[in-house]
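To find a chain, count down the sequence lines: A is the first, B the second, and so on, and within it residues start at 1. Basis for what follows: all heavy atoms, side chains included, without hydrogens, waters or symmetry-related copies.
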Amino acid sequence: MQNLLHNLNEEQLAAVTLPPQSALILAGAGSGKTRVLTTRIAWLIQTGQVSPSGILAVTFTNKAAKEMLTRLSAMLPINTRGMWIGTFHGLCNRLLRTHHRDAALPQTFQILDTQDQLSAIKRLIKAHNVDDEKFPPKEVMYFINGAKDQGLRADKIDAYNADERKKVELYQLYDEQCQREGVVDFAELLLRSYELLSRNQPLREHYQQRFRHILVDEFQDTNDLQYKWLKLLAGVPGQHGSALFAVGDDDQSIYAFRGANVGNMSAFEREFQVKNLIKLEQNYRSHGHILDAANQLISNNSKRLGKNLRTDAGQGEPVRVYEASSDLAEAQWIVEETKNLIADGAERREIAVLYRSNAQSRVIEHALFSAGIPYHVYGGLRYFQRAEVKHAIAYLQLMDNPHNDSAFLRVVNFPTRGIGLRSIEALQAAADQYGISLYAAVPHVAGKAGSSLAGFVRLIEGARFETQQMALPELVRVVLEHSGLLTHYQTEKEGADRIENLEQMVSAATQFVSEEGYGQGAPAHLGPAAQAQSGAAVINQDGIEILDADAPLPAVMSPLSAFLSHASLEAGDNQATVGQDAVQMMTVHSAKGLEFNNVFITGLEEGLFPHESSSREHDGVEEERRLMYVAITRARQRLYMCFAQTRMLHGQTRYNMKSRFFDELPEESLKWLSAKVQSHWFASPKSAWDAAPVLGSDNAIAQKIAHKSAGSGWRIGESVQHAKFGEGVIVNIEGSGPSARAQINFGNVGMKVLDLSIAKLERI
DNA sequence: GCTCTGGTAGTTTTT
DNA sequence: CTACCAGAGC
């Protein structure tokens, strides 16, 4: 045990060894948050305060859950089985599988990912003849998910106008459709298990008594429903309730747009009468100047729990700031600095280029590519989201649950087998008439359409029969061939990659089976009933003995069902180029949780970062500031910030002011690499030639702009100061001489057109 | 049933 | 500017 606590600092030690009561750990960036979380669990078990099965630890991402598990098994000699460690969705999936009867779900219910959900909603809207112009499927989806994330069913929503009422009605219809098909979306996993536990007292009490310690990672990212779910499981504090150990950082709350509610932190503190609030402020990641910048910036936010990072590392290097003439010049500068870093011995994987929105990556990618520097862009399609993989999954889904209409429609005619729109319409009509699934309605369709549909059903039934005794990987292989997918892509000229992805599914299944503790040869279809033996018994409301969802996966789900859950809940990696040493490019959002020796924060311009849409949202700029805080704290040693005077966006050249965040950073921690005076290179057409850093197209832009400004004395792109409107950037100039007028972007104040001979402008 | 074209929209993301 | 989608046309 000495060993366990041995390298902790005072704050960390205090957090790890807190008494078994609710606690809130304010963990700053790079303060050893995961370490505290895992050591806490290990310490609780090692000191005999709780058995592994009394632990529930929940995260948002699979990555974080895995990381925790790995670290724990390194710390503890015992195996981690019996502990519940996973994502909210993963744990809910497990609960619902085990208690599917009580949750009113089929044992083989399937999970819709976002794509599936959207297509299900499109289908619903069509089926009910709803105008999709007035009710765009995406909007309906946000509405439904938003409601579910707050824990609201359709009948609990107050609608104040006809449009709202229509959406509520669609929500209701959508839920009914899902229920009919035996599918649940991501939010439903949470809501359904919440309802299961709140409705079923014995079950709730069983889990409440079991999980003495509930630990939550990234608590600031929880939405209302997740918090309610946690409260339900924890029980009433003080009255046999379990100890809720919440770790989070309000300054890194950047997911309000998807329902996260930072307010949960203070709500938790209040509702659980938290006496144990510990701040982890010792930072082990960044040098002083970087932390100074982060601290100063975030101090501009008003709603904070309060926290200041400190480090024992020295001040290190100042933050390097660069003003580029254009987005291309900015990219070129990044390339030059990257080359320098690499020349000085930096690893490429230790260089990160961060941007606010994905659209910004193109120019930078292009520049890196031209310079021959390997790079890796985060994001993009994940393995299980690729079209060909989704097709294969749809076949598997139909074998496990044929009433999944989404899966049915996806592959009933792919590869093509002569089942066109007319056949589907006839089938849909039959399904509607009897209130059954498309699959079940096939026998009710007569004629030619009926026989080709019947052929499809035979294909699925045949595959199921043939694979009855097969292990999962073998089953996958058979389905790939049986379905005709492999043949289909073999005849397609661009199909090589797709075939490779399909083949990869067999190895994915092999890996899955061995990792999840299924016997290598366990029949993929074999249901849990045959395998379930272990696990504590608990009595449900009807007095029937049921299984505790504590049992290993094989006791809860068949290998096939489990694999399908896995495909939905863990979409896999996005690109194959993981291993190579490459510059890392990503949005600031996806950089959260990562760290690099060298970081570029790019596009620091008003409108981009902070993003223009943020000024419209409630507390939007504060969220953008937290985002900036996250960006800064990714850097260990060297941090670059840059922005461009002109930028191509949506096919138009935009002229933005530098980000307001520059004004919120300590001057002494910054080192301006470019002259701080703006538009120096616009001064005359001549100087534009030699002052503009490299790229030819810059000169082209410079020339154009220089031309346009002729005679007015002012130039496009120039920053100006106005007595009333404050700081602005000249966006356009019309006319010349005394009648010249300039269009000026004053940021928050807005766009103004000013008469240059009248307005009193100053250069800044 | 597939390809072409025109229209449109265009932060951030995990499950 | 470009990527995606829907509907028309072959």
Side-chain angles (χ1 to χ4, degrees), chain A residues 58-65 86-93 111-119 122 126 132-133 136-138 142 145 148-149 184-191 193 217-218 221-223 225-226 252-260 327 354-363 366 378-382 384-385 387 413-424 488 492 565-572 574 586-593 603 607-617 620 623-624 626-628 630-631 647-654:
Chain A
V58 58
T59 64
F60 279 87
T61 65
N62 293 297
K63 199 176 156 207
T87 62
F88 278 103
H89 296 86
L91 298 177
C92 287
N93 181 40
I111 301 164
L112 302 181
D113 66 19
T114 314
Q115 285 176 40
D116 302 332
Q117 188 187 17
L118 186 63
S119 62
K122 281 183 183 166
K126 276 224 178 74
D132 62 356
E133 302 265 286
K138 272 225 176 80
Y142 293 148
N145 290 342
K148 288 192 181 184
D149 284 344
V184 299
D185 57 55
F186 287 133
E188 182 73 20
L189 283 172
L190 262 299
L191 184 49
S193 57
D217 190 20
E218 306 277 20
D221 288 339
T222 52
N223 63 33
L225 178 56
Q226 285 158 341
Q252 291 190 71
S253 161
I254 57 174
Y255 285 115
F257 70 91
R258 65 176 196 208
D327 48 350
L354 311 184
Y355 34 83
R356 173 66 241 266
S357 60
N358 288 302
Q360 289 166 250
S361 75
R362 294 183 68 93
V363 215
H366 184 77
Y378 274 60
L381 266 198
R382 318 263 229 106
F384 282 111
Q385 297 180 24
N413 198 33
F414 191 93
T416 47
R417 40 180 77 90
I419 299 171
L421 212 65
R422 292 165 303 282
S423 309
I424 296 302
H488 172 84
E492 204 177 61
S565 297
H566 169 80
S568 301
L569 292 177
E570 202 166 343
N574 61 60
M586 65 194 84
T587 62
V588 181
H589 280 93
S590 33
K592 190 173 157 216
L608 250 195
F609 200 179
H611 198 274
E612 56 196 348
S613 53
S614 70
S615 57
R616 275 174 252 131
E617 283 154 31
E623 174 121 337
E624 294 287 305
R626 292 192 289 268
L627 197 52
M628 180 67 181
V630 167
R647 180 177 297 275
M648 229 11 191
L649 199 66
H650 306 326
Q652 277 186 320
T653 308
R654 308 198 354 168

Using a 4.0 Å heavy-atom cut-off across all strands, classify [X] as base, sugar-phosphate, or nothing.
X        : result
A/Thr416 : sugar-phosphate
A/Phe88  : nothing
A/Glu624 : base
A/Asn62  : sugar-phosphate
A/Asp185 : nothing
A/Gln360 : nothing
A/Asn358 : sugar-phosphate

> If you measure from the C1' atom in C/dC5 to the same atom in B/dT12, how many Å do you get, rounded?
Replying inline: 23 Å
> On a whole-Å scale, what distance lies between the P atoms belonging to B/dT13 and C/dC4?
Replying inline: 15 Å
So, does [X] get its side chain near the phosphate of [N], meaning an N or O under 4.0 Å from OP1 or OP2?
X        : N      : value
A/Lys138 : B/dA9  : no
A/Asn223 : B/dT14 : no
A/Arg362 : C/dA3  : yes
A/Arg417 : B/dG1  : no

> Going by heavy atoms in the side chains, are A/Val184 and A/Leu112 under 4.5 Å from each other?
Replying inline: no
> Hey, is A/His89 stacking on B/dT15? Ring centres under 5.5 Å, planes under 30°.
Replying inline: no
>> Going by centres under 5.5 angstrom and planes under 30 degrees, do the aromatic ring of A/Phe257 and the base ring of B/dT12 stack?
In response: yes
> Does A/Thr587 make a side-chain donor-acceptor contact with the base of B/dT13, cut-off 3.5 Å?
Replying inline: no
> Could one point to a donor on the side chain of A/Ser590 or the base of B/dT13 with an acceptor on the other under 3.5 Å away?
Replying inline: no
>> Between A/Ser568 and A/Ser565, is there a side-chain donor-acceptor contact under 3.5 Å, judged purely by atom types and distance?
In response: no
> Do the side chain of A/Arg356 and the main chain of A/Phe609 share a donor and acceptor less than 3.5 angstrom apart?
Replying inline: no
> Within the side chain of A/Thr416, is there an N or O that forms a donor-acceptor pair under 3.5 Å with the backbone of A/Gly418?
Replying inline: no
>> Just verifying a value: how many Å separate A/Leu189 CG and A/Leu91 CG, rounded to the nearest 0.5 Å?
In response: 11.0 Å
